[in-house]
Colleague: 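Got a structure for you, written out below as structure tokens; questions coming shortly.
Quick caveat, the model's predicted, so the values are computed rather than measured.
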Amino acid sequence: MADKRTMTLNLTDQEMRLLEDLSARKDVSKTALLRQALRLYQMVEARLSRGEKLFFEDEEKKKAELMVV
Amino acid sequence: MKTRVDIIDNRTGEPVAAELFDEVTVEHFIEAQQEWRPIVLKAARQLASRGSRDLVPQHFHWDWTVKAPELGVLANTFYGIRYDKKLQGLMKLETVGEFCRCRLPEQADRSLVYVDYVEVAPWNLKTLMVALGEKPLYSPIGSRLIEAAVLKSKEEDCKGRIGLHSLPITEQFYRQACRMTPVGRDSAKQNLLWLEYTPEQAENFLTGVRP
């Protein structure tokens with residue numbers, strides 16, 4: 001297991017509620033959820049920087065491009 | 001991370017200490033491609049010429065070297081097992097992504113660790129070696145890698161939950177040896193069977209309990 005460093009995170013009430021809801025739904029700790037979010041962000045960024053696009057596809061196979069800033 | 005895992009040398013029946021590691025580099029991908037792929041392709045040709053098409057390894061076309069760009073991405077973790085100065089198995093895990101959601105109704109939408117690729121060296125592949133009239137050299141490499149996936153899932157707070165798409169030839173291994181739950185065929189992934197562990201099943205697998 002890699003060494004870990006600690007940081008303090010300031011969130012608004014809304015952001016904290018979202019974090020709590022998502023971590024409950026995913027059945028992981030808030031820390032684990034934030035680490036997942038960071039990794040996902042890195043993965044998306046890496047692919048977008050290679051010129052790829054990010055799409056969501058619905059059940060009828062309709063694609064919607066997701067704009068990431 | 002480097003840790004010792006016991007595997008069996010099937011020539012003697014004795015356990016030997018192999019090394020499980022996660023510092024996988026492109027050199028390991030090249031080794032797999034140079035050392036494993038010619039043997040897999042030769043075996044595939046032999047089996048196909050005998051008419052044993054259902055025994056031809058379905059992963060004969062895999063190329064680990066194309067995964068080199070994925071090495072630096074934190075969403076991916078790679079593991080290898082080394083013994084006798086040779087790579088005995090390789091695995092790629094994803095800790096986030098479209099397949100990191102549980103599908104079993106009792107744990108639907110929870111996070112899991114997705115086992116994207118598992119490959120054992122062809123000389124350890126039971127189905128292949130038996131089809132060629134030989135015994136696998138070392139075992140159980142696949143099980144040791146699945147154990148590493150479960151431990152990674154626990155480390156990521158997914159409590160042992162893992163999921164994977166199985167090739168038809170390995171379905172029996174995941175169902176019977178690993179005792180994973182088959183959930184259904186995935187039309188979005190070549191209709192491969194999706195299997196999953198609950199935390200309890202993962203713990204039983206780690207501790208060797210056969211419910």
Colleague: Would you say Phe56(A) has more than 12 foreign heavy atoms packed within less than 6.0 Å of its CZ?
Modeller: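 No, the 6.0 Å shell around CZ holds no more than 12 heavy atoms from other groups.
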
Colleague: CD of Gln14(A): more than 12 outside heavy atoms within 6.0 angstrom?
Modeller: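 Result for CD/Gln14(A): open.
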
Colleague: On a heavy-atom basis, which atom in Ala75(B) and which in Met43(A) lie closest, and how many Å separate them?
Modeller: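 Looks like CB-SD, 4.0 Å.
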
Colleague: Should the heavy atoms of other residues, nucleotides or ligands under 6.0 Å from CD of Gln172(B) be counted, would the total exceed 12?
Modeller: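 No - once you tally the heavy atoms of other residues, nucleotides and ligands closer than 6.0 Å, there are 12 at most.
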
Colleague: Does the distance from a Lys or Arg side-chain N to an Asp or Glu carboxylate O, for Glu156(B) and Arg39(A), drop under 4.0 Å?
Modeller: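 Salt bridge present between Glu156(B) and Arg39(A).
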
Colleague: Going by side-chain contact (heavy atoms from CB on, under 4.5 Å), Lys26(A) matches just one of Ser111(B), Cys100(B), Cys102(B). Which one?
Modeller: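 The single option meeting the side-chain contact (heavy atoms from CB on, under 4.5 Å) with Lys26(A) is Ser111(B).
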
Colleague: Look only at the side chain of Gln42(A) and the backbone of Leu74(B), and say whether a donor-acceptor pair between them is shorter than 3.5 Å.
Modeller: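 A pair under 3.5 Å: yes.
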
Colleague: State, to 0.1 Å, how close Leu40(A) and Val96(B) come at their nearest heavy-atom pair, and which atoms those are.
Modeller: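 Minimum heavy-atom separation between Leu40(A) and Val96(B): N-CG2, 3.8 Å.
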
Colleague: Would one find more than 12 heavy atoms of other residues, nucleotides or ligands at under 6.0 Å from atom CG of Asp13(A)?
Modeller: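 No, because the 6.0 Å sphere around CG of Asp13(A) holds 12 heavy atoms or fewer from other groups.
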
Colleague: Run the salt-bridge test on Arg161(B) and Asp27(A) with the 4.0 Å N-O cut-off and return the result as yes or no.
Modeller: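 Asp27(A) and Arg161(B): salt-bridged.
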
Colleague: Around atom NZ of Lys126(B), are there more than 12 heavy atoms of other residues, nucleotides or ligands at under 6.0 Å?
Modeller: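 Not more than 12 within 6.0 Å, no.
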
Colleague: Verify the neighbour count for atom CZ of Arg47(A): are there more than 12 heavy atoms of other residues, nucleotides or ligands below 6.0 Å?
Modeller: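 Check fails, neighbour count at 12 or below.
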
Colleague: What is the distance from atom CG of Asp109(B) to atom CG of Leu22(A), rounded to the nearest 0.5 Å?
Modeller: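 Going from the CG atom of Asp109(B) to the CG atom of Leu22(A) covers 11.0 Å.
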
